[in-house]
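Inspection log for the structure reproduced underneath, given as structure tokens.
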There are 4 protein chains.
Amino acid sequence: MQKIDKSILKQVITPRDPISYKGNYGKILIIAGSSNFGGAAIMSASAAIHSGAGLVTVATIPEKFTAINTRIPEAMTVDYHHLIEIIDAIKNADVIAIGPGLGTSKYSESLVSLVIDHAHMDQTIIFDASALTIIAGSKIDIAKIPANVILTPHQGEWQRLSQLEIAEQKPKKNLEQLHNIAPNALLIVKKHLSEVYYEGSANQIIAGNPGMATGGMGDTLTGIIAAFVGQFGFSQNTVEAALFLHSFIADKIYKKNYVVLPEKLIEAIPKSMQKIVTNKKA
Amino acid sequence: MQKIDKSILKQVITPRDPISYKGNYGKILIIAGSSNFGGAAIMSASAAIHSGAGLVTVATIPEKFTAINTRIPEAMTVDYHHLIEIIDAIKNADVIAIGPGLGTSKYSESLVSLVIDHAHMDQTIIFDASALTIIAGSKIDIAKIPANVILTPHQGEWQRLSQLEIAEQKPKKNLEQLHNIAPNALLIVKKHLSEVYYEGSANQIIAGNPGMATGGMGDTLTGIIAAFVGQFGFSQNTVEAALFLHSFIADKIYKKNYVVLPEKLIEAIPKSMQKIVTNKKA
Amino acid sequence: MQKIDKSILKQVITPRDPISYKGNYGKILIIAGSSNFGGAAIMSASAAIHSGAGLVTVATIPEKFTAINTRIPEAMTVDYHHLIEIIDAIKNADVIAIGPGLGTSKYSESLVSLVIDHAHMDQTIIFDASALTIIAGSKIDIAKIPANVILTPHQGEWQRLSQLEIAEQKPKKNLEQLHNIAPNALLIVKKHLSEVYYEGSANQIIAGNPGMATGGMGDTLTGIIAAFVGQFGFSQNTVEAALFLHSFIADKIYKKNYVVLPEKLIEAIPKSMQKIVTNKKA
Amino acid sequence: MQKIDKSILKQVITPRDPISYKGNYGKILIIAGSSNFGGAAIMSASAAIHSGAGLVTVATIPEKFTAINTRIPEAMTVDYHHLIEIIDAIKNADVIAIGPGLGTSKYSESLVSLVIDHAHMDQTIIFDASALTIIAGSKIDIAKIPANVILTPHQGEWQRLSQLEIAEQKPKKNLEQLHNIAPNALLIVKKHLSEVYYEGSANQIIAGNPGMATGGMGDTLTGIIAAFVGQFGFSQNTVEAALFLHSFIADKIYKKNYVVLPEKLIEAIPKSMQKIVTNKKA
């Protein structure tokens with residue numbers, strides 16, 4: 001496996017064109033949240049906004065709009081039970097992240113199908129958290145999706161998807177199973193030193209710490225990936241830079257904090273990105 | 001076009017009279033927000049409050065009151081479906097900003113008409129965002145409004161209003177079209193180096209950066225303009241100072257942040273304004 | 001008029017007894033807020049908490065509980081339409097502040113009456129904002145209240161209460177009218193250099209600035225007064241120290257901020273109070 | 001009584017295993033809150049998250065979900081009236097804290113019973129605040145609970161539980177009464193220099209200050225204890241370290257703040273814990 005280190009950041013995170021507009025930095029749709037899991041959508045969307053996404057819309061239940069408006073007034077909302085609005089939002093998005101706090105209800109399943117049915121070539125779809133569990137337990141065939149596909153399981157979710165026990169999850173096996181499930185998809189296996197699988201290659205992120213073992217870290221990562229794809233385009237490099245930045249900022253916070261809370265990490269993103277661009281020690 | 005630089009700030013932002021009251025600094029009414037666009041009202045109103053507005057009222061749907069109370073307890077609220085209350089609020093306001101996150105529903109259209117019907121000479125009305133789209137798609141004649149009128153389109157919205165393609169939006173054409181639409185209105189065309197058109201003159205704001213290409217920047221600007229008119233009176237200088245301050249603070253933030261988030265910009269306003277007044281390097 | 005200066009702070013704000021409990025620092029009840037004025041209760045209660053009040057309860061409409069829980073989780077709540085609970089809260093409070101954002105509805109009037117009917121000798125009642133307008137427009141006789149009474153009108157409210165035009169509001173006249181209205185009450189007239197009237201004396205607060213001319217400043221003051229009475233007991237000195245601290249902190253903030261926002265002022269209270277106690281330059 | 005000093009922190013708070021996951025740091029269930037006491041759950045849960053708990057779920061009424069999602073998006077929620085969900089949450093938790101802001105309604109009583117009925121050996125249950133009042137007024141026998149039990153009364157609550165007047169609450173009597181009530185339970189008596197009773201020993205925490213005499217301090221402590229047991233396992237040392245850290249951070253804040261607000265204390269936890277682990281002066 002190739003080791004991905006800090007050099008990935010400078011490759012991907014580039015200065016903005018002086019003459020550019022919100023539309024240049026991606027329309028992100030985050031389909032997330034349910035009654036008991038209301039915070040995940042906030043963390044994903046806030047991470048996307050702080051990572052430079054142009055426009056971020058959260059599709060969730062209306063009961064969560066107040067928390068979203070309060071915490072992240074920059075985000076727009078859509079009621080994901082409103083079929084016309086959610087289909088419209090899916091069609092118009094450049095990047096869709098589905099899954100954080102979504103739960104595995106019948107309706108959540110239908111949302112996963114809805115995304116897949118309306119996906120088109122110019123899009124990237126990130127299947128995360130509950131969406132991965134739904135896919136693992138269904139007959140949904142993600143190999144046929146015309147959009148770019150990113151899968152972000154942690155080891156337990158990857159086991160459900162791949163039928164590989166955690167002990168068996170070695171690069172060769174992971175690549176084989178990814179090939180069987182969705183040969184064109186990019187797979188992240190989230191763990192201590194996370195791994196990225198894409199088009200037959202296996203890379204490893206050399207950053208991260210146990211202070212990240214806390215609720216919301218995955219939701220935060222999903223938002224960063226979505227924003228990066230929206231700004232820098234879908235590529236293995238883009239996704240690896242998002243992963244690396246997430247762990248890189250966490251490592252800085254962990255030096256002084258026993259636990260790395262999502263809010264702290266998210267808050268640090270704009271400064272960290274600008275340091276990379278301006279050649280300062282990030 | 002005349003270039004507007006930092007000197008505009010000292011001309012407009014003046015020390016407060018030691019013996020003065022809330023009433024001296026403007027009653028601002030912000031008519032904004034709808035179910036899916038709940039954050040715009042918060043950003044506009046918060047910007048107005050941080051810019052020194054005396055009293056700020058947000059007219060919106062009651063579902064958004066909790067987010068407003070939580071984020072900006074200084075703001076009062078009005079349900080814009082409550083006809084007696086909204087008409088009363090319109091009549092009593094010194095400055096009305098209508099449009100952020102309002103959407104273009106039939107009811108939003110009637111709100112735009114309501115504002116126009118009740119406008120009076122001592123007021124300034126800022127038409128922003130959805131209100132501009134509504135005007136562009138209707139037979140509303142804004143030339144006859146007795147109040148001072150400010151239009152704040154970005155280039156796409158100006159195209160809808162003026163029928164000028166973005167490539168055609170040059171000073172001479174812009175002035176011509178403004179004269180046709182509303183000869184007494186002040187027009188801001190928001191873009192890289194925004195332009196201000198008023199009474200035949202065309203000025204350009206020499207500040208701003210691509211980190212501002214993010215959701216909520218326009219809503220924030222609208223709030224600053226409203227507060228400035230409320231405190232310093234309607235004039236081309238006042239509006240240009242508001243525009244300049246917005247970009248000026250954003251430029252400072254952008255030096256250290258890849259993206260300029262509204263919250264950061266808003267938070268920096270009171271200090272930035274006082275530095276200008278106290279002759280310190282702002 | 002005697003000038004009240006910084007020396008009042010050290011007289012009133014004393015170190016806490018090492019062995020003491022929440023119950024020693026006052027049960028504060030803030031009856032405040034209505035549909036359109038949801039922020040006032042938050043600012044009053046937050047100011048009280050930051051000023052060291054032992055226990056703070058906000059009586060308001062349930063629609064405002066979420067904003068209160070979110071902004072000030074330390075505060076308890078009561079639905080002021082729930083007669084048993086509100087009467088219970090009134091009876092058990094050491095200090096009651098009624099009025100911020102309450103509005104002048106019939107029900108608000110009945111709340112003012114309810115407080116007066118259940119007041120007892122060991123209590124202090126602060127009538128503020130809407131409560132003052134209600135009293136001015138009613139036959140309520142506040143002279144007969146057995147509790148300590150504090151009135152906190154600004155000049156316009158004092159005019160409504162006293163029938164004195166603002167130009168007539170001179171110390172002698174103010175004392176005369178206070179004697180007619182409520183001879184045992186303590187009166188604050190809020191203005192540039194606010195005045196305190198009590199038992200025939202008239203004092204003036206030598207602090208304050210025009211940056212305080214913003215929404216919520218009065219609500220914030222009310223919370224500080226309530227907390228101070230709860231901790232240091234009702235006295236002219238206690239109230240003057242609360243007033244002075246409010247303006248004193250505002251003056252520090254104003255040096256660097258064009259407008260003094262309630263949130264900033266409130267946040268600075270605990271540090272400012274401790275500096276006074278520990279003999280450091282506050 | 002043995003004095004517990006700062007050395008307890010280094011004994012208990014240990015570096016995290018580099019290869020570890022959320023699941024290694026405890027599933028915490030906080031059963032808390034009711035209509036009028038909405039903030040307690042937020043403070044307990046926020047304290048638990050900042051203290052490093054792996055996963056935190058708040059069981060409360062759905063009206064409080066928005067405030068929880070807004071303030072602590074990391075927390076999951078459960079409606080405690082939903083029997084299937086609450087029983088499931090109880091069974092799956094490693095640590096349960098019941099009581100903060102719960103109130104003493106019939107339903108709250110049934111929640112206490114529900115926890116006791118489903119408790120199992122691998123769990124720790126913290127009975128706090130309202131839960132202690134419920135136990136004191138009922139025939140519930142907490143001696144028979146198979147889980148580890150922690151009781152966290154302040155002196156008044158301990159009086160209700162033990163029938164010992166506050167003046168009688170001396171180590172010997174406290175141990176006797178604890179033996180009668182629940183011989184295997186760990187008892188904290190919260191007061192100036194709090195005391196810990198367990199298996200016949202009586203220890204005293206040598207930290208704390210009167211600035212802590214404010215609403216929410218107890219709720220905050222409960223969250224820290226829950227997180228510590230979740231991470232470091234149930235033991236007398238673990239609980240004493242949680243208690244000491246709470247007072248230790250409060251003492252630092254109190255040096256500069258007249259009152260120690262929960263939010264400030266909570267915010268300081270991750271840095272304080274990491275200083276202990278990295279051998280820096282905490």
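In what follows, chains are A, B, ... by sequence order, proteins preceding strands, each numbered from 1. Because only heavy atoms are used, hydrogens play no part in the values below, and waters and symmetry mates are left out as well, while side chains stay in.
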Distance col, row C/Met43:CE vs B/Glu74:CD, nearest 0.5 angstrom, shows 5.5 Å

Rounded to the nearest 0.5 angstrom, the CD-OG distance for B/Glu85 and C/Ser35 is 7.5 Å

Under 4.5 Å to a heavy atom of chain B? For C/Tyr254 that would be both

So, the part of C/Glu63 with a heavy atom under 4.5 Å from chain B: the answer is backbone

So, do C/Phe37 and B/Thr77 sit near enough that their side-chain heavy atoms are less than 4.5 Å apart? no

If one checks every heavy atom of B/Asn24 against chain C at 4.5 Å, the contacting part turns out to be neither

Partner of B/Tyr21 under side-chain contact (heavy atoms from CB on, under 4.5 Å), picked from C/Lys190, C/His192, C/His154, is C/His192

Applying a strict 4.5 Å limit to non-hydrogen atoms, the region of C/Lys64 in contact with chain B is side chain

Most heavy-atom pairs under 4.5 Å with chain C, out of B/Ile269, B/Leu55, B/Val58, B/Ile19, belong to B/Ile19

All heavy atoms of B/Asn69 vs all of C/Gly38, minimum pair found to be OD1-CA, 3.5 Å

Self-check item: C/Gln159 atom CD, over 12 foreign heavy atoms within 6.0 Å
Solution: yes

C/Tyr258 side chain reached by B/Gln231 side chain, heavy atoms, under 4.5 Å
yes

- Item | Enclosure of B/Glu263 CD (heavy-atom neighbours >12, cutoff 6.0 Å) | no

Any heavy-atom pair between the side chains of C/Arg71 and B/Arg71 that's under 4.5 Å? no

To the nearest 0.5 Å, atom NZ of B/Lys271 lies from atom CG of C/Asn257 at 4.5 Å

Among C/Thr70, C/Thr66, C/Ile68, C/Thr214, the residue with the most heavy-atom pairs under 4.5 Å to chain B is C/Thr214

Between the CG atom in C/Leu261 and the CD1 atom in B/Ile72, the distance rounded to the nearest 0.5 Å is 11.0 Å

Okay, B/Ala53 and chain C: the region with an atom under 4.5 Å from a heavy atom over there is backbone

If one checks every heavy atom of C/Ala41 against chain B at 4.5 Å, the contacting part turns out to be neither

- Task: Check whether any side-chain heavy atom of C/Val259 lies under 4.5 Å from a side-chain heavy atom of B/His50, and answer yes or no.
- Result: no

Okay, C/Ser46 and chain B: the region with an atom under 4.5 Å from a heavy atom over there is neither

Atom NZ of residue position B/Lys27 - does it have more than 12 heavy atoms of other residues, nucleotides or ligands inside 6.0 Å? no

Residues C/Ala213 and B/Ser20: closest non-hydrogen pair is CB-O, 4.1 Å

